[in-house]
Amino acid sequence: KINNKEDVIKAIETHNVKFIRLQFTDIQGTVKDVEIPVTQIEKALTAGISFDGSSIEGMVRIQESDMVLRPDIRTFAILPWGRNKGVVARMICDVHLPDGRPFEADPRYVLRKVMKEAEEMGFQLNVGPELEFFLFAKENGKATTIPNDYGRYFEFAPTDLAEDIRREIVLTLTDLDFDIEASHHECAFGQHEIDFKYGDALTTADNVVTFKYVTRTIAKIHGIHATFMPKPIFNDSGSGMHVNLSLSKDGKNAFYDPDKDMQISDIARYFIAGVMEHIKAICCIANPLVNSYKRIVPGYEAPVYITWSGANRSSLIRIPTPRGNSTRTELRSPDPSCNPYLTFASILAAGLEGIRQQKMPAKSVDYNIFELTKEELKERGIETLPGTLNESADHLEKDTFLREKLGAHVHDNILRLARAEWDAYRVQVHDWEIERYLNTV
Ligand code: ADP
Ligand code: MG
Ligand code: MG
Ligand code: MG
Ligand code: MG
């Protein structure tokens, strides 16, 4: 375990590390990375490494572009590939201003800030994400949407052709300190899921970022393409990132209460109410692509209605069966194209606000909501998730609470990007329209 500067220097010597990649993520969750030779480590650990923030999406304007990367030494890890020119390690960094203050729009900073609020209320958030992804064939070096295999949920060899690749991803993640719980073929052809153990929100967000590039890298080494695109195939399941959440208080699971209905505490109910209250705006962060909204449609185990329930998988929020220390809520709307720091920050902020206001959620539903008519939905006050990125941007724009929690800089930039993405999409003429109208109109 790395706890201080001396541990880093020692690990570098022990493993004969030659290069260090300093990593951080932009507002969209894309990993950025600058590599330094090991000779620069002292400087990196003391003064930090400068970079041009104006070249990073959603960061700063050109006139205030000098930014500094401060490595978080607890994230030091040896990367298991690309060693032919020497061993490579990575550290995930916080972004600071030249005067030493943290940069308020750094996604890690935003998450830390909300985590601190939780701490002040006596809570720690535990997060366990389930990332789904597709493996596609490549042709002439280019990614296709031809599935790497024709397996379905929980299938195995010979139908599941990715067993070895999945195992290699699992082994690589294990080398990087992940505690892997399970891996399996998912519902769609070529679709997979690998689950790792939950942890505190910051560590888990770091893990999501790492998980994605490890998966992409291992796939690439094997000549296939891994993608976290939410809905690459029409008419089949998309890839989600269910977010399992619980709060601990004094080392105990604060969502568990054996004496209450469903054995879940009022704290859990307040948290659920808070998340449901802000979920339409959160979608703009947790479902940030035009494509994200093609996953949130009826028929594929993705949520559409803003409801919560026991084990029922048609709800937005499900309470998985385990109780005691494993009591948790599962938020099923996020997808793996999101920025995990900002996603966890906004979910946690909304949940904490529910607790502060002691808000009770509407009644849980224990039936299949997809069987209700429009009138029945209305009668029961059941609302739907936004149908498009533009719609979720409208909700985020109005959400003054999330604006305060994310900070104006992040809020403005997410909205700017969402609107630009929507406008670029809106003016396109799609194949579907040509097929539909060219000969009939
Ligand atoms: P599913 O039944 O939805 O497929 P999985 O078994 O794939 O669920 O994933 C469950 C996730 O929930 C794992 O990441 C696991 O570590 C996490 N988890 C378990 N207990 C808790 C808890 N108390 N708080 C938060 N996450 C938890
Ligand atoms: Mg799962
Ligand atoms: Mg599972
Ligand atoms: Mg799954
Ligand atoms: Mg799940």
Side-chain angles (χ1 to χ4, degrees), residues 111 115 118 123-134 151-155 166 169-170 173-174 176-188 191-212 215 228 230 237-258 262-265 267-268 271-272 275 286-287 295-296 300-303 307-336 338 340 343-344 347-348 351-352:
L111 179 55
M115 285 167 74
F123 294 116
Q124 198 214 322
L125 177 69
N126 308 303
V127 196
E130 303 166 53
L131 283 101
E132 294 172 335
F133 57 92
F134 280 81
R152 290 291 191 188
Y153 188 68
F154 271 29
E155 277 195 68
R166 232 172 33 226
I169 296 169
V170 167
L173 291 170
T174 306
L176 288 164
D177 270 348
F178 281 65
D179 191 346
I180 303 291
E181 292 186 338
S183 78
H184 59 85
H185 204 291
E186 258 300 340
C187 293
Q191 192 189 26
H192 303 271
E193 175 175 319
I194 298 175
D195 300 313
F196 54 92
K197 190 169 191 266
Y198 68 92
D200 72 83
L202 184 66
T203 307
T204 304
D206 285 343
N207 281 346
V208 168
V209 168
T210 306
F211 182 102
K212 285 165 67 174
T215 301
F228 292 89
S237 299
S239 291
M241 184 180 86
H242 297 165
V243 179
N244 292 267
L245 303 146
S246 67
L247 291 176
S248 303
K249 191 166 200 168
D250 307 323
K252 285 207 192 90
N253 188 317
F255 280 5
Y256 179 56
D257 187 341
M262 295 166 82
Q263 297 186 299
I264 59 164
S265 66
I267 296 286
F271 190 91
I272 290 169
V275 173
N287 307 86
R295 169 182 160 257
I296 318 182
Y300 304 96
E301 275 195 21
T307 57
W308 71 288
S309 64
N312 183 342
R313 284 178 197 256
S314 67
S315 273
L316 170 70
I317 296 175
R318 180 173 79 100
I319 317 283
T321 336
R323 288 295 183 268
N325 244 343
S326 300
T327 312
R328 60 183 188 263
T329 63
E330 179 192 47
L331 179 65
R332 298 170 64 80
S333 54
D335 73 56
C338 70
T343 297
F344 298 164
I347 297 169
L348 177 58
L352 290 177

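Ligands are counted one by one from 1 in listed order, and the atoms in each one are counted from 1 as well.
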Subset of ligand 1 atoms that lie under 4.0 Å from at least one heavy atom of [X]:
X: K197; answer: 16 (O)
X: E330; answer: 3 (O)
X: E193; answer: 7 (O)
X: R318; answer: 1 (P), 2 (O), 3 (O)
X: T327; answer: 23 (N)
X: N325; answer: 23 (N)
X: D195; answer: 5 (P), 7 (O)

* Asked: What atom name does the N, O or S atom of E130 nearest to the Mg ion (ligand 2) carry?
  ->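 Looking at E130, the N, O or S atom with the least distance to the Mg ion (ligand 2) is OE1.
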
* Name of whichever N/O/S atom of E193 is nearest to the Mg ion (ligand 2) -> OE2

Is there a donor-acceptor contact under 3.5 Å from the side chain of [X] to the main chain of [Y]?
X: T307; Y: S315; value: no
X: R323; Y: I264; value: no
X: N287; Y: S333; value: yes
X: S265; Y: A268; value: yes
X: N253; Y: F255; value: yes
X: T210; Y: D206; value: yes

* **N, O or S atom of D195 closer to the Mg ion (ligand 2) than 2.8 Å** => no

* To do: Return yes when F196 approaches ligand 1 closer than 4.0 angstrom through a heavy atom, no otherwise.
  => yes

* Min side-chain heavy-atom separation S237-Q191 under 4.5 Å -> yes

* Asked: Any side-chain heavy-atom pair from N126 and L245 closer than 4.5 angstrom?
  -> no

* Structure fact -> Looking at E330, the N, O or S atom sitting nearest the Mg ion (ligand 5) is OE2

* Report the name of the N/O/S atom of H242 located nearest to the Mg ion (ligand 5). => ND1

* To do: Compute the shortest N/O to N/O distance between E130 and ligand 1 and return yes if it is under 3.5 Å, no if not.
  =>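 Yes, at least one N or O pair falls under 3.5 Å.
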
* Asked: For the residue pair A201 and V127, what are the closest heavy atoms and their distance?
  -> CA-CG2, 3.8 Å

* Using 4.0 Å as the upper bound for N to carboxylate O, is an ion pair formed by R318 and E330? ->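 Between R318 and E330 there is a salt bridge, with a charged N closer than 4.0 Å to a carboxylate O.
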
* Structure fact -> Min over S183, G199, S246 of heavy-atom distance to atom 23 (N) of ligand 1 lands on S246

